Amino acid sequence: MTRPTRCHPTDRGSSTVEFAVLVPLILMLILSGPQFGLWYVGRQAAQEAARVGAREGSVEGAADNQAHDAALEYAQRVGGNTLNDLQVDTSGSDATQVQVVVTATIPLVMPLLGHQLRVYAQASRPRERFTKDHQP
């Protein structure tokens with residue numbers, strides 16, 4: 001009695017093909033966790049930097065560039081290597097309101113077909129001012 005073969009003769013090399021298809025997918029799944037973590041930390045740092053800048057710029061008597069400088073300093077200190085190509089924009093501010101926009105790119109753990117991950121955060125606050133009684 002002959003012993004049955006485990007696979008059909010035409011199935012030779014199928015495990016190699018399966019391995020070649022599955023390994024990149026498994027690596028993408030494994031590396032997506034750290035990539036999401038970098039994005040989340042960068043987003044949180046950008047949002048808080050925008051809030052800090054808006055808060056500093058809304059104080060009575062604050063200089064025009066105080067919101068920009070505070071947001072930039074906070075993002076560089078907290079964001080560290082997580083925020084690349086950091087840009088802080090306060091051009092939307094006017095006499096009654098301070099608006100701070102922070103944008104940056106996040107470093108890639110794995111190449112995503114050449115796409116950059118960007119974070120965008122915006123915060124605005126009314127400028128503080130003292131008024132007399134019965135005056136808006």
Side-chain angles (χ1 to χ4, degrees):
M1 178 173 200
T2 62
R3 201 168 170 188
T5 59
R6 291 185 181 213
C7 61
H8 197 274
T10 59
D11 288 344
R12 283 185 71 167
S14 64
S15 62
T16 305
V17 172
E18 291 170 0
F19 183 77
V21 170
L22 289 178
V23 166
L25 294 175
I26 292 170
L27 284 175
M28 283 182 58
L29 286 174
I30 290 171
L31 293 176
S32 63
Q35 185 66 68
F36 176 75
L38 279 174
W39 172 80
Y40 184 78
V41 168
R43 184 183 67 129
Q44 292 298 104
Q47 285 179 341
E48 192 58 30
R51 283 189 207 114
V52 166
R55 186 174 57 240
E56 290 291 322
S58 69
V59 175
E60 174 75 23
D64 291 340
N65 62 343
Q66 193 166 343
H68 178 275
D69 294 344
L72 185 62
E73 188 270 328
Y74 185 89
Q76 288 173 340
R77 184 169 39 89
V78 173
N81 295 332
T82 307
L83 298 176
N84 297 332
D85 303 326
L86 180 63
Q87 296 176 358
V88 177
D89 182 27
T90 57
S91 63
S93 300
D94 57 22
T96 60
Q97 185 172 349
V98 176
Q99 182 177 5
V100 179
V101 177
V102 177
T103 57
T105 59
I106 304 299
L108 297 176
V109 174
M110 59 184 169
L112 298 172
L113 304 174
H115 295 300
Q116 288 287 329
L117 291 177
R118 298 194 59 79
V119 290
Y120 172 87
Q122 177 181 353
S124 61
R125 288 178 59 124
R127 289 191 190 266
E128 294 178 356
R129 63 186 179 102
F130 293 105
T131 59
K132 296 180 182 177
D133 289 339
H134 309 293
Q135 188 181 29

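As the structure is a computational prediction, the values presented were derived from the model and not from experiment.
- Annotation: the span from Q87 atom CD to L72 atom CG amounts to 10.5 Å, rounded to 0.5 Å.
- Once rounded to the nearest 0.5 Å, the distance linking OG1 of T90 with CG of D64 reads 8.5 Å.
- The shortest heavy-atom contact between A75 and A49 is CB-CB, 3.7 Å.
- Residues A45 and G79 share a closest heavy-atom pair of CB-CA, 4.0 Å.
- Taken from CZ in R55 to CZ in R125, the straight-line distance is 7.0 Å, to the nearest 0.5 Å.
- The CG atom of L83 sits 10.0 Å away from the CG atom of L38 when rounded to the nearest 0.5 Å.
- Under the 4.5 Å side-chain heavy-atom criterion for ILVMFWY residues, a single connected hydrophobic cluster contains both W39 and M28.
- With rounding to the nearest 0.5 Å, the separation of CD in Q99 from OG in S93 is 6.5 Å.
- Among all heavy-atom pairs drawn from A62 and G57, the shortest one is CB-O, 3.7 Å.
- Cluster membership for I30 and L22, using ILVMFWY side-chain heavy atoms within less than 4.5 angstrom, is shared.
- Open room surrounds CG on N81; 12 or fewer heavy atoms of other groups in view lie less than 6.0 Å from it.
- Residues L108 and F36 fall within the same hydrophobic cluster, defined by Ile, Leu, Val, Met, Phe, Trp and Tyr side chains chained together at heavy-atom separations under 4.5 Å.
- One N or O on the side chain of Q35 and one on the backbone of P107 form a donor-acceptor pair closer than 3.5 Å.
- Hydrophobic clustering of Ile, Leu, Val, Met, Phe, Trp and Tyr side chains at less than 4.5 Å, counting indirect connections, unites Y40 with V102.
- Side-chain contact between V98 and R127 is present, with at least one heavy-atom pair separated by less than 4.5 Å.
- Of all heavy-atom pairs between P126 and S58, the closest is O-CB, 3.4 Å.
- In terms of modelled atom types and a separation under 3.5 Å, the side chain of T105 and the main chain of N84 share a donor-acceptor contact.
- Of all the heavy atoms in A70 and V52, the pair that sits closest is O-CG1, 4.2 Å.
- Within the model, atoms CD1 of I106 and CG of D85 stand 10.0 Å from one another, a figure rounded to the nearest 0.5 Å.
- Across R129 and E60, no two heavy atoms sit closer than the pair CA-OE1, 2.9 Å.
- At a threshold of 4.5 Å between side-chain heavy atoms, the hydrophobic network of Ile, Leu, Val, Met, Phe, Trp and Tyr places L117 and L86 in one connected group.
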